[in-house]
Structures are given as C-alpha cells and as structure tokens.
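Naming convention: chains lettered A, B, ... in sequence-line order (proteins, then strands); numbering from 1 in each chain.
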Amino acid sequence: MTTITGFQQRVYKLLQKVPKGKVTTYAILAKALNCGSSQAVGGALKRNPFAPEVPCHRVVKSDRSLGGFYGQIEGPQIENKKALLLAEGVKFDADNKVMANCLWQFK
DNA sequence: ACCGTGACGGCGA
DNA sequence: TTCGCCGCCACGG
C-alpha cells in the first residue's frame with residue numbers, strides 16, 4: 001500500500017524540477033519545502049514509489065557525497081547512482097563528491 | 001496516541 | 001581538520 005503523504009508528494013514534485021546534469025541536496029530540498037529537517041526528505045526519497053519518474057539519484061548530501069540510493073547508503077546501488085550521474089554529465093571529485101558547480105538551487 | 005528510527009545537517013571538542 | 005553529539009521533521013510499528 002503506497003501511502004503517499006502530502007509532504008512526500010511535495011518532495012517528488014520539487015525533485016522533478018531538477019534538470020538533467022544537475023544535482024541537489026537534501027538540505028536544499030528541505031529548505032525549498034520550508035522544512036527544517038533534511039532527514040524527513042531523505043525518508044521520503046527512501047520510500048520513493050516512483051523509481052525512474054522521480055530522479056532520486058540527483059539528490060546528494062550537503063557535503064556533496066553521494067548519500068543513499070534505493071534504500072541503501074552504500075553498496076552496488078550507490079555505484080550505479082554515480083554511473084547514472086556521470087552519464088548525465090555530472091562530474092565528480094576524487095573523493096566521490098559532486099562538483100559544487102553541478103549543484104542545483106531552487107531559485 | 002506514543003516511542004523509536006532515519007538515504008541528514010550543523011556545531012562543538 | 002576529523003570525529004562525535006544533538007537537533008530537526010516525518011513516518012512506521
């Protein structure tokens with residue numbers, strides 16, 4: 001039973017606003033949603049019922065590390081996430097961190 | 001209705 | 001500069 005709460009729907013909608021080749025952070029999303037907790041955003045993405053429709057792979061932590069993907073904070077899925085972003089033109093640092101200029105801000 | 005947990009963030013030591 | 005702790009909102013059991 002996919003219990004989609006209004007908050008989650010809001011997160012997905014906003015996330016779809018992120019263009020290809022750019023990434024955003026949980027904090028930025030939270031702020032845009034006027035929410036003080038990025039964890040809430042992460043929780044929503046974790047339970048993301050719209051796998052490919054919602055580009056949850058374009059969301060990284062505020063320290064620009066990959067964060068999580070498909071319910072995992074590390075593992076093969078994360079590698080896939082990185083590959084996906086690379087395929088979209090997002091560049092990474094030597095420490096598996098996205099370049100700051102690739103960050104998308106809701107302005 | 002209550003408590004514990006979480007794909008996080010920021011500040012302090 | 002790196003590691004650790006507390007705080008935040010929302011959700012599941």
Side-chain angles (χ1 to χ4, degrees):
Chain A
M1 215 0 227
T2 46
T3 310
I4 310 297
T5 67
F7 181 75
Q8 290 177 224
Q9 200 170 104
R10 216 165 304 170
V11 175
Y12 306 139
K13 194 100 183 230
L14 191 61
L15 184 51
Q16 290 180 66
K17 239 173 97 265
V18 181
K20 187 162 78 71
K22 290 283 180 179
V23 292
T24 189
T25 72
Y26 299 98
I28 293 173
L29 283 170
K31 280 256 186 141
L33 293 170
N34 204 26
C35 175
S37 178
S38 48
Q39 247 183 328
V41 177
L45 292 175
K46 175 184 180 183
R47 314 180 62 212
N48 175 23
F50 311 95
E53 302 181 39
V54 176
C56 40
H57 60 272
R58 292 181 194 159
V59 185
V60 297
K61 293 184 39 170
S62 70
D63 64 342
R64 280 173 294 159
S65 60
L66 282 175
F69 194 50
Y70 275 91
Q72 303 177 198
I73 60 176
E74 56 179 26
Q77 296 287 20
I78 304 303
E79 297 294 308
N80 185 35
K81 178 176 183 179
K82 183 182 176 188
L84 270 169
L85 292 174
L86 284 171
E88 293 187 350
V90 178
K91 292 176 183 146
F92 281 79
D93 209 314
D95 298 310
N96 261 357
K97 298 194 178 187
V98 287
M99 308 228 314
N101 54 304
C102 290
L103 285 176
W104 177 259
Q105 294 173 64
F106 297 96
K107 53 176 172 48

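Rounded to an integer number of Å, the gap from A/Leu29 CG to C/dC9 P is 17 Å. Rounded to a whole Å, the CG atom of A/Leu66 is 15 Å from the P atom of B/dA7. Atom-to-atom, CD of A/Gln9 to P of C/dC11 comes out at 12 Å; the value is rounded to the nearest Å. In this structure, A/Leu33 atom CG and C/dC11 atom C1' are separated by 16 Å, rounded to whole Å. Following rounding to the nearest Å, A/Asp63 (CG) and C/dT1 (P) show an atom-to-atom distance of 15 Å. The distance from atom CG of A/Asn34 to atom C1' of C/dC9 is 12 Å, rounded to the nearest whole Å. The separation between A/Arg64 atom CZ and B/dG9 atom P is 12 Å, rounded to whole Å. For A/Arg58 and B/dA7, the CZ to P distance is 22 Å, given to the nearest whole Å.
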Exercise. Could you go step by step and tell me if A/Leu84 and A/Phe69 meet the side chain to side chain contact (heavy atoms under 4.5 Å, CB included) rule?
Worked result: CA-CA 11 Å; A/Leu84 270 169; A/Phe69 194 50; 4.1 Å; yes
Exercise. Run the side chain to side chain contact (heavy atoms under 4.5 Å, CB included) check on A/Leu14 and A/Leu33 step by step: do they pass?
Worked result: CA-CA 8 Å; A/Leu14 191 61; A/Leu33 293 170; 3.9 Å; yes
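Salt bridge A/Glu88/A/Lys22: absent, no basic N to carboxylate O contact under 4.0 Å.
Dashed line: the shortest gap from a side-chain N or O of A/Gln8 to OP1 or OP2 of C/dC11 is under 4.0 Å. In terms of phosphate contacts, A/Ser37 brings no side-chain nitrogen or oxygen within less than 4.0 Å of OP1 or OP2 of B/dC8. Within the structure, every side-chain polar atom (N or O) of A/Ser38 is placed at least 4.0 Å from both OP1 and OP2 of C/dC9.
Using a 4.0 Å cut-off on heavy atoms, none of the residues of residues 75-85 of chain A approach DNA chain B.
At a threshold of 4.0 angstrom between heavy atoms, the contacts of A/Lys61 are confined to the sugar-phosphate backbone, with no base atom among them. Residue-level contact check: A/Leu45 touches the bases, meaning some heavy atom is under 4.0 Å from a base atom. When heavy atoms are screened at a 4.0 angstrom cut-off, A/Thr3 is found touching no nucleic acid atom at all. Counting any heavy atom pair closer than 4.0 Å across all strands shown, A/Gly43 reaches no nucleic acid atom.
You'll find that the side chain of A/Ala40 is closest to C/dA10, out of C/dA10, B/dA7, B/dG9. Of the candidates B/dG6, B/dC8, C/dA10, C/dA10 carries the atom nearest the A/Thr5 side chain, counting heavy atoms from C-beta on. The side chain of A/Ile73 sits closest to B/dA7 out of B/dA7, B/dC8, C/dC9. Here C/dC11 is the nucleotide among B/dG9, B/dA7, C/dC11 with the atom lying nearest to any side-chain atom of A/Phe7.
For the residue pair A/Cys56 and A/Leu45, the shortest heavy atom distance occurs at CB-CD2, 4.2 Å. A pairwise comparison of heavy atoms in A/Ile4 and A/Pro49 identifies CD1-CG, 3.3 Å as the closest pair. For the pair A/His57 and A/Leu85, the tightest heavy-atom approach, listed with the atom from each and the gap, is O-CD2, 3.3 Å. Contact record, A/Ile28 with A/Phe106: CG2-CD1, 3.6 Å, taken as the closest heavy-atom pair.
Under the Watson-Crick or G-U wobble criterion, with both distances below 3.5 Å, B/dG12 is paired with C/dC3.
Residues A/Gln8 and A/Tyr12 bring a donor and an acceptor atom of their side chains to less than 3.5 Å of each other.
Side chain A/Tyr70 to base B/dA7: no donor-acceptor pair is found below 3.5 Å.
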